[in-house]
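To keep things clear, I will list the structure first and then write my remarks on it.
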Amino acid sequence: MDSVVKILRECGVTVEETQRGMRVAALNGISGTDIMTEPYPGFPTDMQAQLMALMTTATGASMITETIFENRYMHVPELMRMGARINVHGSSAIVRGVPKLSGAQVMATDLRASSSLILAGLAAEGETVVNRVYHLDRGYERVEEKLAACGAHIERIKGEAAE
């Protein structure tokens with residue numbers, strides 16, 4: 001978790017440990033940064049998609065380099081449907097932040113992509129429908145309830161998609 005907190009702080013995010021967990025705030029916005037996945041204790045590949053979703057709305061550009069798994073950018077076309085500006089070159093992705101993402105119908109390709117699309121959908125204007133969330137259900141229990149408890153408007157539709 002230390003490597004994730006370090007990256008968040010580089011982006012201008014305040015991270016504070018509390019008795020109940022962590023309090024995270026980006027009062028002055030988020031700045032782009034460079035991220036390279038590495039074996040523990042480096043930045044975890046399992047957080048790459050979620051941080052990419054964050055970088056889509058950051059000020060400036062970010063470079064994300066995936067050194068652990070090939071083909072780990074399957075969520076990129078779906079983020080681009082929402083207005084993200086991402087160029088993939090081999091194992092690196094350049095993400096240029098946009099002022100706002102737009103809601104869209106997107107398709108999850110794996111567990112991490114599912115969570116990144118939900119995060120991007122929460123940041124987007126309009127409605128986002130994430131299809132194929134059975135990937136999400138493999139790794140996150142009752143995610144819609146947990147996010148709703150944080151103030152998100154999220155619901156499961158016909159057991160097939162989450163907003």
Which residues pass the salt bridge (Lys or Arg N to Asp or Glu O under 4.0 Å) test with [X], not counting sequence neighbours?
X: Asp46; result: Arg72, Arg112
X: Glu141; result: none
X: Glu70; result: none
X: Glu10; result: Lys6

Practice item. Assess whether side-chain contact (heavy atoms from CB on, under 4.5 Å) is satisfied between Glu155 and Glu144, documenting all intermediate values. Key: CA-CA 6 Å; Glu155 62 185 271; Glu144 60 272 20; over 6 Å; no
**Study point:** Glu145: partners by side-chain hydrogen bond (donor to acceptor under 3.5 Å, both in side chains), with sequence neighbours left out
**Key:**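 For Glu145 the side-chain hydrogen bond (donor to acceptor under 3.5 Å, both in side chains) partners, ignoring immediate neighbours, are Arg142.
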Check your understanding: What pairs with Arg20 under side-chain hydrogen bond (donor to acceptor under 3.5 Å, both in side chains), at least two apart in sequence or on another chain?
Key -> none
Point to revise | Side chains of Gln48 and His75, donor plus acceptor under 3.5 Å | key: yes
**Study point:** No-hydrogen, no-angle side-chain donor-acceptor test under 3.5 Å, Thr37 and Glu66
**Key:**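 Indeed, the side chains of Thr37 and Glu66 share at least one donor-acceptor pair under 3.5 Å.
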Are [X] and [Y] grouped together when hydrophobic residues (ILVMFWY) are joined by side-chain heavy atoms under 4.5 angstrom apart?
X: Leu51; Y: Met22; answer: yes
X: Leu122; Y: Tyr140; answer: yes
X: Val106; Y: Leu136; answer: yes
X: Val5; Y: Leu119; answer: no

Review point. Hey, mind stepping through Leu117 and Thr128 against side-chain contact (heavy atoms from CB on, under 4.5 Å) and telling me if it holds?
Key: CA-CA 9 Å; Leu117 296 174; Thr128 297; 6.0 Å; no
Review point. Side-chain contact, heavy-atom cut-off 4.5 Å: Leu54 with Leu8?
Key: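 In contact.
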Exercise for review: Spell out, as yes or no, whether a donor-acceptor pair under 3.5 Å connects the side chain of Ser62 to the backbone of Thr33.
Suggested key: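 Yes; at least one donor-acceptor contact below 3.5 Å.
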Check your understanding: Do the side chain of Arg9 and the main chain of Val15 share a donor and acceptor less than 3.5 angstrom apart?
Key ->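 Yes; at least one donor-acceptor contact below 3.5 Å.
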Review point. Considering all heavy atoms of both residues, which atom of Ala124 and which atom of Ser102 are nearest to each other, and what is their separation?
Key: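 Ala124 and Ser102 have their closest heavy atoms at CB-C, 3.8 Å.
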Point to revise | Non-hydrogen atoms of Tyr73 and Ile64 that approach each other most closely | key: OH-O, 2.9 Å
Non-neighbouring partners of [X] that pass side chain to side chain contact (heavy atoms under 4.5 Å, CB included), sequence neighbours left out:
X: Glu125; value: Lys100
X: Ala26; value: Val13, Ile30
X: Ala123; value: none
X: Pro44; value: Ser3, Val4, Met47

Supply the atom-to-atom distance [X] [atom1] to [Y] [atom2], rounded to the nearest 0.5 angstrom.
X: Asn71; Y: Thr109; atom1: CG; atom2: OG1; result: 8.5 Å
X: Ile118; Y: Gln50; atom1: CD1; atom2: CD; result: 10.5 Å
X: Tyr40; Y: Asp2; atom1: OH; atom2: CG; result: 7.0 Å
X: Leu111; Y: Arg138; atom1: CG; atom2: CZ; result: 5.5 Å

**Study point:** Stepwise side-chain contact (heavy atoms from CB on, under 4.5 Å) test for His135 and Val130
**Key:** CA-CA 11 Å; His135 294 292; Val130 181; over 6 Å; no
Residues 79-99 side chain polar contacts: donor-acceptor under 3.5 Å, at least two apart:
from	atom 1	to	atom 2	distance (Å)
Arg81	NE	Glu78	OE1	3.3
Ser92	OG	Thr65	OG1	3.0

Check your understanding: Taking it one step at a time, do Arg132 and Asp110 satisfy salt bridge (charged side-chain N to carboxylate O under 4.0 Å, His left out)?
Key -> CA-CA 9 Å; Arg132 293 177 47 174; Asp110 62 46; over 6 Å; no
Study note, to complete from the structure: Under a side-chain separation threshold of 4.5 Å, the hydrophobic residues clustered together with Phe69 are Ile68
